[in-house]
Each structure stands twice: as structure tokens, then as C-alpha cells.
2 protein chains.
Amino acid sequence: MSRLRSDPRSAAQTRIIAAALPLFAEHGVNGTSLQMIADAVGVTKAAIYHQFRTKDEIVFAAVEVDLAKLESVLEAAEAEKRPRARELVLTEVINLAVERRRMVSAVQHDPVIVRFLAKYEPFRQLMERLYAVLTGGETGADTRVRAAMVSAAIGGAVMHPLVRDLDDEALRSHLLKLTLQLLDASG
Amino acid sequence: MSRLRSDPRSAAQTRIIAAALPLFAEHGVNGTSLQMIADAVGVTKAAIYHQFRTKDEIVFAAVEVDLAKLESVLEAAEAEKRPRARELVLTEVINLAVERRRMVSAVQHDPVIVRFLAKYEPFRQLMERLYAVLTGGETGADTRVRAAMVSAAIGGAVMHPLVRDLDDEALRSHLLKLTLQLLDASG
DNA sequence: GTCTATATAACGATAGAC
DNA sequence: GTCTATCGTTATATAGAC
């Protein structure tokens, strides 16, 4: 099984990634120039290029940080028995999504990032594993639509205007209850 | 109440919009150059600028086409009684989303379009009306999370990899059943 | 309505000094 | 590790002929 990078980035690289992700979320990857990232970090473009050879590498590194967390969650869940695994993944994925409310949408929907997710094999495998846990291995149309809805609803709901005033704890508990209900209720 | 444009665009403008929207959906607005739009239409950039003064005007016109359909749906629904209104909106919004599978995601998530939705008053009002019908006027946290999930789930599920092989009719019926269930089930 | 040609600005990326 | 300066390319947008 292919795994994501586990050795940590340098402090300089980590600062760049931390500055870039919120910009990607607000303006999109294509709407975020290296000048904007450099300004946010407080250095010049050349200093950024000393840490990353291309803009794509910054995008890749930023996505990798969040997907590494997802990988940890999946590993923990896959060690559990069937019904418990799904509940564990749901709980932790919701925690992740709520905690990073502003960022999830970019990772899930930005065209540049979507391309990365589709082309780079370790990312693809990670998504496959997530879907496998969500569907519980079932392949029927009903089950797949439920899983697709849950997957979209979590990422989309956390930054929805309708829930902007909810604190993290309230959002977390409502989301968990409703996603479980959506997955389990008999149709 | 502010309304969207009702007079039709010229044939030339309509062709440009039809060519632009799929490009916006695949590459994002910022990832779609006027050269790409011109190539898709089969003319030069200058010909495009003869129809629209700026790129923003093309984006605006493209979004307006889809939101005008949403407005029609909302008008029909608002003329109905309470419980029926929500079911009607859900049915028609799902039809719209499934029918334009590839396009919805851009309209819902592209940063440039999101800015338009937030800044231009008639668009904002339209979204408010949609949310009002989905929540049925209730303002509790549970109701708002449900509505946010439904709103995100419909747009996100229609182009989810898990349901790529489902035909429109199957996707439609599953989505309708499950969204109604998500909104109505007692928690 | 469409073309060729071009102005102007910003982009990603590199060279070389400190 | 950060800077100034710059290269080559592409972006939005315009001018003016047909």
C-alpha cells in the first residue's frame, strides 16, 4: 500500500503551507499568485521558490497535510470491526472538517486540487478507502448515493451560510447525528 | 422584490455562455481564459469582447442563466401550501442539478462565482428564498444544519465519483427519497 | 460580427549578490 | 535564507480594418 509522506516539512516550508491554504480556500488555487503567498508569509517570491521549486509543489504539500490526517483516521478505523469502523470514520472526519471549516471546500472542490486527487495514485487510493468504509463494502445504487451525499454534505455544510453562527461543538454533534441517520435509515 | 433579467440574450451571446459554462466547471473561472472560450466558440478573442465588455460579464451572464431557472422553481413553490412547497422545490432543484451534473459544482463552489452570489443583491435574495423554503421558516440549529446538508448534498452528490455510472433517472429518484428523509426524519 | 495586431499588466520562474 | 532584478509567457482588454 502506498503511503503519504511521513517525515515532517522544514519550519520554513510549514509556514508557507500555513499561509497558502487559507488563500487557496478564499481565492482558489488559480486565483492565488505566488506574490500573494509571499506577501502573506512576509517575504519575497524568490524566498518562496527557495523552499518549493514550483507552485504545484506548494499545492501538493498543502493538500498532503490535510490528507495525511485523513489517512491516520482511516488506519484507526480499518482496525475496527464493521459497524464500529464507519461510525469512527464519520466522527473523526466531521471533527477534521469542522475544525478546518474554511479549508475543506477548497480541498474538495478546487479544480486544480481535484486534478491532483485524480492523478496522484496515493491520493486516489485514500479516497477509495474512505468510500469503502462509508459504503461498508456494499455496492448497490442506494448505498452509493447515500455515501456520496454524506461525503458532499459534510464538506459542504461546514461552511454553509446557514450554519455560520453555530459554534464548532454544536455543528459537530448535529452533523454526526444527521449523517449517521442518513446512512442508516432504511429506505 | 428584485428579479433577474428576463429578456433573452442574443444568439451570439447565448453561444458564448453555452461554451463558457462547461469550461468554468472543468477548469474554474480563473483557470478559463478568454482564449479558451474563443477557441470553444470557434472565433477570436476580439469577437468575444464584441459581445461582452469584460470576462466578469460573461461569468455573470452564465450564472444568471442557471439562477433564472432556480427563480422559476421558487416562484412556483412559493405559491403552494407549506409542506407541499418544500417537496416541490426539492424535486425541481434535484431535476435541475442532475440535468446539469457537470455545471452545478462550479456555480456552487467556484470562488469567483461565490463572490458574485454574495455581492449581487438579486442573487443573495434568491439564495435566501431557497433557504427559507428548505427550512420551512424554522430557525433552530437542527433545522438549519439539515437544510445546509441537503443543499450541499444535492450539488455535491450529482458529480460524485461514487455515482458516476448512475443514469439520470436513477440518481434523481434516489436523491429525492434521501433528501426528503434527511429533512423530515425526527432527530 | 469577425478579423489582425498590439498595449499593458501580472504571472511563474530564475540568476546572482549578500 | 532572503534579497533585487529580470526573463519569457500569458492574461485581460483595445484599436482599427474588413
Side-chain angles (χ1 to χ4, degrees), chain A residues 5 7-65 106 110-116 119-120, chain B residues 5 7-65 106 110-116 119-120:
Chain A
R5 136 193 289 267
D7 51 317
R9 300 271 179 186
S10 74
Q13 286 180 325
T14 304
R15 274 166 53 228
I16 293 171
I17 292 169
L21 244 185
L23 291 171
F24 291 157
E26 185 175 353
H27 307 282
V29 172
N30 278 324
T32 303
S33 68
L34 268 115
Q35 188 62 63
M36 289 162 74
I37 297 172
D39 289 348
V41 176
V43 295
T44 61
K45 273 192 296 179
I48 304 289
Y49 274 107
H50 185 74
Q51 302 295 334
F52 295 97
R53 283 165 47 189
T54 63
K55 184 181 173 182
D56 270 5
E57 279 192 16
I58 302 175
V59 177
F60 186 91
V63 172
E64 202 177 33
V65 168
D110 187 284
V112 176
I113 297 181
V114 165
R115 279 218 166 74
F116 268 119
K119 275 185 190 163
Y120 182 60
Chain B
R5 139 192 287 267
D7 53 315
R9 301 270 179 187
S10 73
Q13 287 180 324
T14 304
R15 275 165 53 227
I16 294 171
I17 293 169
L21 245 184
L23 291 171
F24 291 157
E26 185 175 352
H27 307 282
V29 172
N30 278 324
T32 303
S33 68
L34 268 117
Q35 189 62 64
M36 291 162 75
I37 297 173
D39 289 348
V41 177
V43 295
T44 61
K45 275 190 295 178
I48 304 289
Y49 274 106
H50 185 74
Q51 302 295 334
F52 295 96
R53 283 164 49 191
T54 64
K55 184 183 175 182
D56 269 6
E57 278 192 18
I58 302 176
V59 177
F60 186 89
V63 173
E64 203 178 32
V65 167
D110 188 284
V112 177
I113 297 180
V114 166
R115 279 215 166 77
F116 268 119
K119 274 185 190 163
Y120 182 59

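Order of the sequence lines sets the chain letters (A, B, ...), proteins ahead of strands, with each chain counted from 1.
- With rounding to whole Å, A:Tyr49 atom OH is found 15 Å from D:dC3 atom P.
- In this structure a side-chain-to-backbone donor-acceptor pair under 3.5 Å is present from A:Gln13 to A:Gln51.
- Checking the phosphate oxygens (OP1, OP2) of D:dT10, no side-chain nitrogen or oxygen of B:Gln35 falls inside 4.0 Å.
- We find that CD1 of B:Ile48 is positioned 15 Å from C1' of D:dA11, with the value rounded to whole Å.
- Distance B:Leu34 CG to D:dT14 C1': 13 Å, rounded to the nearest Å.
- Of the residues near DNA chain C, A:Lys45 and B:Thr44, the one whose nearest nucleotide (by heavy atom distance) lies more toward the 5' end is B:Thr44.
- Between the C1' atom of C:dC11 and the CE atom of A:Met36 lies a distance of 12 Å, rounded to the nearest Å.
- Put simply, the residue from A:Asn30, A:Thr32, A:Val112 that forms a side chain to side chain contact (heavy atoms under 4.5 Å, CB included) with B:Asn30 is A:Asn30.
- Between the side chain of B:Lys55 and the backbone N or O of B:Val29 there is at least one donor-acceptor pair closer than 3.5 Å.
- The CG atom of A:Asp56 sits 11 Å away from the C1' atom of C:dG12 (whole-angstrom rounding).
- With rounding to the nearest 0.5 Å, the separation of CD1 in A:Ile58 from CG in A:Leu23 is 10.5 Å.
- Atoms CG (B:Asp39) and P (D:dT10) sit 13 Å apart, rounded to a whole Å.
- For the pair A:His50 NE2 and C:dG16 C1', the computed distance is 14 Å after rounding to whole Å.
- Between the CZ atom of B:Phe52 and the C1' atom of C:dG1 there is a distance of 14 Å, rounded to whole Å.
- Distances from the side chain of B:Gln51 to the nucleotides C:dA15, D:dA11, C:dG1 place C:dG1 closest.
- Mapped onto DNA chain D by nearest heavy atom, B:Lys55 and A:Ser10 fall at different nucleotides, with A:Ser10 at the one closer to the 5' end.
- Listed candidates were C:dC3, D:dT12, C:dG12. Nearest to the side chain of B:Ala47 is C:dC3.
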